[in-house]
Amino acid sequence: SNLTLLSPDHHLLLLRTRRITTRLPMKRVTSDVLVLIFFTFNFFRNVSASIHEYKDEQFIPKSNAFFFHGGTEGLYASKSSSNVSPDKPLEGKTFIRFEDVVFLRTTESANAKNEMQSRTGLIETIILEVRDRERIGDAFAKSNALCCTPKLAQEKFCTVGEVIIQHNQDNPLWPLRIQTFFEGKNQEANMLPTTVEINRTGMYYLYYMFCDPELKGTIIRGRTVWKNPDGYLPGRMVPLMTFYGLASLAYLVLGLFWFLRFVQFWKDVIQLHYQITAVIALGMSEMALWYYEYANLNSTGSRPMVITIWAVTMTAVKKTLSRVLLLVVSMGYGVVRPTLGGVTSKVFLLALMYFIATEALELVEHLGSINDFSRKTRIYLVLPVVFLDASFILWIFSSLSKTLEKLQMRKSMAKLDLYRKFTNSLAIFVLLSIAWVGYELYFNASDPLSELWRISWIIPAFWSLLAFSLLVVVCFLWAPSSNPTRYAYSGETADDYDEEAISLTTGVRVSDSGTKLERKEKKASVSTNLVTDQREDLEEDKRE
């Protein structure tokens with residue numbers, strides 16, 4: 001039951017570990033994804049991160065106690081006091097600050113008390129590091145009780161009416177307990193403004209608890225501010241800010257290389273090159289926006305709403321266009337076929353559905369709180385993305401198979417070699433993705449309380465790195481060059497059969513004076529089959 005207290009059903013850990021720790025009431029997810037996006041844009045107007053706001057939150061019954069989960073974050077230890085300026089005593093300090101925290105009990109509960117009593121109700125604020133979770137409640141007293149009972153008090157375990165805590169011998173003040181009392185018939189109890197300094201790195205949990213059943217119905221208002229030594233960015237997100245900064249530079253370098261090749265061979269540029277350029281630009285913008293968003297969060301403690309929405313939307317657009325790019329390349333667009341033909345509308349429809357599903361998932365993950373949506377809601381949002389990703393993968397490899405078969409029949413050896421390299425690379429990336437999904441599931445299953453929060457940033461970072469690496473492969477294989485027939489569509493005339501193809505298919509070595517007859521025979525053969533190939537392309541488009 002102690003583990004359930006630390007990880008209740010409403011406090012879920014995401015597979016994706018980019019985390020927002022604000023408490024905001026989530027609206028019920030509708031059955032229409034478009035409606036979900038509309039509500040998300042209109043509902044999340046003031047979003048904080050390391051500022052946990054409480055807006056008339058209810059306490060949840062557990063065993064013989066009532067509790068409310070006030071926040072969870074990974075915090076680094078404060079810096080040495082010798083490095084702190086006297087003018088800025090909180091600089092370099094890690095702390096949890098309580099601001100305007102108020103507890104309101106029901107009118108019936110307040111009227112039942114004697115106005116001459118100085119203490120007529122107790123609310124306890126408990127801060128603990130995850131490694132000290134066994135020191136709370138029944139884990140110490142060997143019972144099902146979280147609150148001290150008269151029997152346990154007789155055994156000198158605790159004080160009646162208080163939460164059972166066994167303090168750490170190495171640090172007697174922890175887990176930390178802060179008590180707030182109701183006075184007389186007052187309906188409100190104000191928690192004193194308190195700043196708790198953190199001097200040990202760890203994952204910290206904050207709970208508000210009371211044991212008196214007469215306080216049932218009590219609500220909490222206010223907020224807490226959590227700060228690390230170098231800013232308000234949550235501990236698990238600190239390495240990601242550095243990663244996004246480096247990633248934006250990597251995209252800049254790739255974009256510079258691509259731009260130089262683009263300008264150098266601009267006469268041989270095909271439509272596919274413009275699509276690759278768009279994906280590079282989107283990736284650069286995405287990484288830069290996330291870096292700026294994290295930097296602003298680190299300095300202010302709040303997320304800039306407009307920048308966050310732009311970053312989320314940019315991520316969804318880039319993911320969508322990246323998958324479309326892989327799909328059209330696999331279909332041979334610009335290489336084997338000049339247009340997509342009858343499948344254009346289907347590609348557009350799949351891309352639109354993927355964008356909507358991804359946008360909805362990203363908005364909820366980055367603008368909502370993990371504590372605010374249930375497991376069913378997570379499944380509702382994740383499953384469409386998983387299904388559409390699987391559809392993309394199946395369609396991509398199916399198209400690759402047809403393209404390779406077509407190139408083999410036409411004996412376009414240069415293009416065939418290009419597509420074989422692309423197929424092998426794509427297969428490696430898919431295997432890496434499957435392996436990483438398995439590791440991600442294992443990581444989250446083996447760390448339900450986020451004790452490995454300092455390395456959890458590698459989960460989202462890997463996906464960004466994998467996408468960048470695949471883009472580099474595409475840029476390398478389809479880079480503009482002085483020999484566009486290597487990758488460009490040429491109407492499948494005899495010119496498409498380069499010297500290498502002729503020598504391999506006819507067994508005749510090509511020279512300036514000895515192969516005119518063979519080349520003419522080859523041209524005649526290709527011209528005869530051209531109409532047949534075009535008919536096959538039309539029939540294939542109809543089938544797709």
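Residue numbers start at 1 and run along the sequence shown. Given the structure is predicted, the values throughout are model-derived calculations rather than measurements.
At least one side-chain heavy atom of V472 sits under 4.5 Å from a side-chain heavy atom of L254.
Counting only residues at least two apart or in different chains, salt bridge (Lys or Arg N to Asp or Glu O under 4.0 Å) contacts with residues 450-463 comprise R133-E451. Counting only residues at least two apart or in different chains, salt bridge (Lys or Arg N to Asp or Glu O under 4.0 Å) contacts with residues 196-209 comprise K93-E197, E129-R200, D132-R200. Sequence neighbours left out, not one pair with a member in residues 439-474 passes disulfide bond (SG atoms under 2.5 Å apart).
The ring of F59 has its center closer than 6.0 angstrom to the ring center of F210. In summary, the aromatic rings of F66 and Y208 are positioned with their centroids too far apart to meet the 6.0 Å limit. Between F468 and Y251, the ring centre distance stays below 6.0 Å.
For the pair Y205 (side chain) and G70 (backbone), a donor-acceptor distance under 3.5 Å is absent.
Taking V430 as the reference, F397, I434 meet the side chain to side chain contact (heavy atoms under 4.5 Å, CB included) condition, with sequence neighbours excluded. Checked against side chain to side chain contact (heavy atoms under 4.5 Å, CB included), E99 has the following partners two or more places apart in sequence or in another chain: R97, R223, V225. Scored by the side chain to side chain contact (heavy atoms under 4.5 Å, CB included) test, T194 finds F98, I178, L192, V196 as partners (sequence neighbours excluded).
In this structure, cysteines C147 and C211 have SG atoms closer than 2.5 angstrom.
One distance of note links OG of S299 with OH of Y232; it measures 9.5 Å at 0.5 Å rounding. Rounded to the nearest 0.5 angstrom, F355 CZ and L388 CG are separated by 13.5 Å.
Screening W174, Y76, W226, F95 for a ring pair (Phe, Tyr, Trp, His ring centres under 6.0 Å) involving Y204 leaves a single residue, W174.
A cation-pi geometry, defined here as NZ or CZ lying under 6.0 Å from the six-membered ring centre and within 45° of its normal, does not hold between R119 and F182.
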